[in-house]
Structure formats: structure tokens, C-alpha cells
Amino acid sequence: MNTVLPNINSILNDPKFQEYSSLGLIDEVSLRNLRIKCEYGSLRNSHTMFDSILILADKYSLSTDTISSILFRSRKRKPVHQPH
């Protein structure tokens, strides 16, 4: 399944995002994973799959298995808990 990723730069530059981030409302791991997915797509234009994974593992100080899991493992969305 090909998922279209949002333009991460427009998200990061959005004033609302910056406000939510300053309030601690942004899941930093999910944001990092989105960055990795976006960068992987760009890297694949000029690198092999394995080299792209190695580059990202080095950049984010993660194992190649972790990068592969971020990129290729299907995940269920976490439920959003709202106060009553």
C-alpha cells in the first residue's frame, strides 16, 4: 500500500504546530518517524534501499532493524484519549 506522506516542512512551519509543540502536545517519536519516512523516499532516488537505511540509521543513531521497522512494519494508530 502506497501512503502519501504529508509535506513535513509545511507542518513544521505551521504556527499551530509550533504552538502545540511548545505545549508538549506533539509525539516526538512519531514526528521523528515521519521525518525518517520522508527522507527515505528522497534517499531512494539516488541510493539503494540498503544504503538508504544505513544513512538513516547513522543520522538518527538507530539500528538498521529499527529503521526498517519504522519504514516497513504496518502500525495501528493509537487511540486519542479526550478528557470527559
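Positions are given from 1 along the sequence. Both backbone and side-chain heavy atoms feed into the values below; hydrogens, waters and symmetry mates do not. All of these numbers come straight from a predicted model, not from anything done at the bench.
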Practice task
Supply the atom-to-atom distance Ile55 CD1 to Ser42 OG, rounded to the nearest 0.5 angstrom.
Solution key: 11.5 Å
Handout entry: Single-linkage hydrophobic cluster, 4.5 Å side-chain cutoff, Ile36 and Met49 together
Key = yes
Problem - Asp14 and Glu19, any side-chain heavy atoms less than 4.5 Å apart - result: no
Exercise for the section: Find out whether Leu31 and Phe17 are in side-chain contact, i.e. whether some heavy atom of one side chain is under 4.5 Å from a heavy atom of the other. Expected result: yes
Handout entry: Joint hydrophobic cluster, Val29 plus Tyr20, side-chain heavy atoms closer than 4.5 Å
Key = no
Problem - Single-linkage hydrophobic cluster, 4.5 Å side-chain cutoff, Leu25 and Ile11 together - result: yes
Practice task
Would you give the length of the straight line joining atom OG of Ser21 to atom CG of Leu12, rounded to the nearest 0.5 angstrom?
Solution key: 9.0 Å
Problem - ILVMFWY cluster, Leu34 and Ile70 together (side-chain gap under 4.5 Å) - result: no
Handout entry: Worked check of side-chain contact (heavy atoms from CB on, under 4.5 Å) between Arg35 and Asn33
Key = CA-CA 5 Å; Arg35 284 183 173 137; Asn33 292 352; over 6 Å; no
Handout entry: Pairing residues for Arg44 by the side chain to side chain donor-acceptor pair (under 3.5 Å) criterion, not counting sequence neighbours
Key = Tyr40
Problem - Side chain proximity check, Ile67 to Leu54, heavy atoms < 4.5 angstrom - result: no
Practice task
Kindly indicate, with the supporting measurements, whether the criterion side-chain contact (heavy atoms from CB on, under 4.5 Å) is fulfilled by Asp51 and Thr48.
Solution key: CA-CA 5 Å; Asp51 286 344; Thr48 66; 3.3 Å; yes
Exercise for the section: Using the test side chain to side chain donor-acceptor pair (under 3.5 Å), find all partners of Thr66 that sit at least two apart in sequence or belong to another chain. Expected result: Ser63
Handout entry: Donor-acceptor contact present, side-chain Ser68 to main-chain Thr64, <3.5 Å
Key = yes
Problem - Phe72 atom CZ, neighbour heavy-atom count above 12 within 6.0 Å - result: yes
Handout entry: side-chain contact (heavy atoms from CB on, under 4.5 Å) involving Lys59 - partner list, sequence neighbours excluded
Key = Glu39
Exercise for the section: Identify whether Leu56 and Ile8 are in the same connected component of the hydrophobic contact network (ILVMFWY, side-chain heavy atoms under 4.5 Å). Expected result: no
Completion exercise
Distance col, row His47:NE2 vs Asn45:CG, nearest 0.5 angstrom, shows 10.5 Å
